[in-house]
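Each chain gets a letter, A, B and so on, in the order the sequences are listed, and its residues count up from 1. Excluded from the calculations below are hydrogen atoms, water molecules and symmetry mates; all remaining heavy atoms, backbone and side chain alike, are included. For clarity, every value in this text was computed on a predicted model and none was experimentally measured.
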Amino acid sequence: MPGMPALQPLLRAFFERDPREVAPELLNKILVRDDGRAGRIIEVEAYCGADDPAAHTFRGMTKRNHTMFGPAGHLYVYFTYGMHWCCNTVCGPEGEGWGVLLRAVVPIADIERMRSARGGARSDRELANGPAKLTQAMGIDGSFDGADIVLDDRGVSVRTDGTLPPAQPRMGPRVGISRAKDFPWRWRNPDVTR
DNA sequence: GGTAAGATCAGC
DNA sequence: CTGATCTTACCA
């Protein structure tokens, strides 16, 4: 994209940490597809394995969640509510089942492709302001489960254009969970209402 | 083998 | 607020 600074990949070490550290630092990073689609991450939630009753990985490894127990810097993509895909960045040491759910991005490149992937005319803000909306807009489904977002082995990666995370992110309880409702492990950019 | 719940979304 | 829609996980 002309005029846009080069997008640098993140280091594996960025993801090899506690998701409660990684999550706020993912704000303002960029989710990139190899077909040109890109969006700036503005809302995330941390999920902390055996320490977190709301995490898919709380009760150990299953066929569905095994990616989240794998090495950091990969994508855990899961299907829910009979129709939606959502994606997480796997974090921490291998075997912990830690990750960060990507909940919203602001479209920044190939917005028309994102709009058509979402099925028609909508405001730019509605294109990817939810965890299942962003996967639909970015063309991410179960075939991307386990993709390496550092090495970009399947055409999906998380990169930086040099923009720092917000100095004062808005923090609060996570959305749509029934257990551990009080854990304040959701972060978003201060200037977004959603 | 049966079943309840789900890290959601769109439309009313 | 409710319906859609179906996989997964857990229990028997």
Side-chain angles (χ1 to χ4, degrees), chain A residues 15 18-27 29 31 37 39 41-70 72-92 96-107 111 114-147 149 156 158 169-189 192-194:
Chain A
F15 294 102
D18 189 301
R20 290 162 291 188
E21 277 182 63
V22 177
E25 292 185 33
L26 275 173
L27 297 175
K29 299 294 185 293
L31 182 64
R37 283 178 274 192
I41 298 166
I42 58 164
E43 182 179 349
V44 293
E45 288 176 356
Y47 285 89
C48 300
D51 301 324
D52 182 1
H56 288 169
T57 49
F58 181 61
R59 290 161 198 269
M61 197 179 320
T62 66
K63 184 171 185 178
R64 176 207 207 187
N65 69 20
H66 75 274
T67 298
M68 210 160 153
F69 286 96
H74 291 248
L75 205 61
Y76 164 52
V77 184
Y78 69 91
F79 188 66
T80 191
Y81 291 108
M83 60 192 101
H84 296 304
W85 297 100
C86 298
C87 69
N88 297 243
T89 65
V90 178
C91 295
E96 292 288 350
W98 293 349
V100 175
L101 172 68
L102 305 184
R103 288 196 56 90
V105 305
V106 173
I111 296 175
M114 294 173 74
R115 194 184 315 283
S116 58
R118 290 268 295 134
R122 284 183 169 79
S123 67
D124 288 1
R125 215 193 61 150
E126 290 175 301
L127 289 182
N129 63 338
K133 298 183 202 178
L134 84 84
T135 57
Q136 191 177 19
M138 296 289 293
I140 295 169
D141 62 17
S143 68
F144 290 85
D145 183 43
I149 56 176
V156 60
V158 175
R170 195 179 147 98
M171 191 175 88
R174 296 172 291 180
V175 174
I177 55 174
S178 61
R179 296 176 294 187
K181 284 180 169 165
D182 46 326
F183 295 16
W185 292 349
R186 175 190 187 209
W187 289 264
R188 51 191 162 146
N189 284 29
V192 295
T193 40
R194 184 158 198 274

Atom [atom1] of [X] to atom [atom2] of [N]: distance rounded to whole Å?
X        : N      : atom1 : atom2 : answer
A:His84  : B:dT8  : NE2   : P     : 9 Å
A:Lys133 : B:dA7  : NZ    : P     : 18 Å
A:Phe79  : B:dC9  : CZ    : P     : 13 Å
A:Met61  : C:dC10 : CE    : P     : 14 Å
A:Arg125 : B:dC9  : CZ    : P     : 13 Å
A:Phe58  : B:dA5  : CZ    : C1'   : 16 Å
A:Leu127 : B:dA10 : CG    : P     : 10 Å
A:Tyr81  : B:dA7  : OH    : C1'   : 7 Å

(request) Return the 5'-most residue of the pair A:Tyr78, A:Gln136 with respect to DNA chain B, ranking by each residue's nearest nucleotide. (result)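 Taking each residue's closest nucleotide, the earlier one in sequence belongs to A:Tyr78.
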(message) To check you understand the geometry: which heavy-atom pair defines the closest contact between A:Trp185 and A:Cys48, and what is its length?
(response)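 In terms of heavy atoms, the two residues are closest at CZ3-SG, 3.6 Å.
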(request) Write down the atom of A:Cys87, the atom of A:Leu134, and the distance for their closest heavy-atom approach. (result)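 Heavy atoms only, the tightest pair is SG-CD1, 4.2 Å.
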(message) Is it the case that over 12 heavy atoms from other parts of the model lie below 6.0 angstrom from the CZ atom of A:Arg170?
(response)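 For A:Arg170, atom CZ is not crowded (no more than 12 foreign heavy atoms under 6.0 Å).
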(message) Using a heavy-atom cut-off of 4.0 Å across all strands, would you classify A:Ile177 as base, sugar-phosphate, or nothing?
(response)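 The residue A:Ile177 makes sugar-phosphate contact but no base contact.
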(request) Determine the contact category for A:Arg64: base if any of its heavy atoms lies under 4.0 Å from a base atom, sugar-phosphate if only primed atoms, P, OP1 or OP2 are that close, otherwise nothing. (result)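 If one applies the 4.0 Å heavy-atom cut-off, A:Arg64 turns out to touch the sugar-phosphate alone, with no base involved.
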(message) Quick check with a 6.0 Å cut-off and a 45 degree axis cone: is A:Arg20 positioned over the face of A:Phe183's six-membered ring?
(response)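 Checked: cation-pi criterion not met.
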(request) Would you indicate which nucleotide in C:dA9, B:dA7, B:dT8 comes nearest to any side-chain atom of A:Ala132? (result)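 So the nucleotide nearest the side chain must be B:dT8.
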(message) Taking the minimum atom-to-atom distance to the side chain of A:Met83, which one of B:dT8, C:dT5, C:dC10 wins?
(response)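 Comparing B:dT8, C:dT5, C:dC10 against the side chain of A:Met83, the answer is C:dT5.
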(request) Kindly state whether the pair A:Tyr47 / B:dA7 counts as stacked, where counting means centroids closer than 5.5 Å and planes tilted less than 30° apart. (result)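 Stacked: ring centres under 5.5 Å, planes under 30°.
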(request) Name the orientation class of the two ring planes belonging to A:His56 and A:Tyr76 (parallel below 30°, tilted from 30 to 60°, perpendicular beyond 60°). (result)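 It falls in the perpendicular class, over 60°.
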Examine [N]: is either OP1 or OP2 under 4.0 Å from a nitrogen or oxygen in the side chain of [X]? Give yes or no.
X        : N      : answer
A:Thr80  : B:dT8  : no
A:Arg179 : B:dA5  : no
A:Arg118 : B:dA10 : yes
A:His56  : B:dA7  : yes

(message) Taking the basic N atoms (NZ, or NE/NH1/NH2) and the acidic carboxylate oxygens, is any pair closer than 4.0 Å for A:Asp52 and A:Arg179?
(response)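 No, A:Asp52 and A:Arg179 are not salt-bridged.
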(request) Rounded to the nearest 0.5 Å, what's the gap from CZ on A:Arg186 to CD on A:Glu43? Could you check? (result)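 Reported value, rounded in 0.5 Å steps: 4.0 Å.
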(message) What verdict does the side-chain contact (heavy atoms from CB on, under 4.5 Å) test give for A:Thr89 and A:Val44, after you've listed the backbone C-alpha separation in whole Å, the side-chain angles of each residue and the deciding distance to 0.1 Å?
(response) CA-CA 10 Å; A:Thr89 65; A:Val44 293; over 6 Å; no
(message) In this structure, which stretches of DNA chain B are paired as stems of three or more consecutive Watson-Crick or G-U pairs, both distances less than 3.5 Å?
(response)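 The stems that DNA chain B takes part in, listed by first number, are B:1-6 with C:6-11, B:8-11 with C:1-4.
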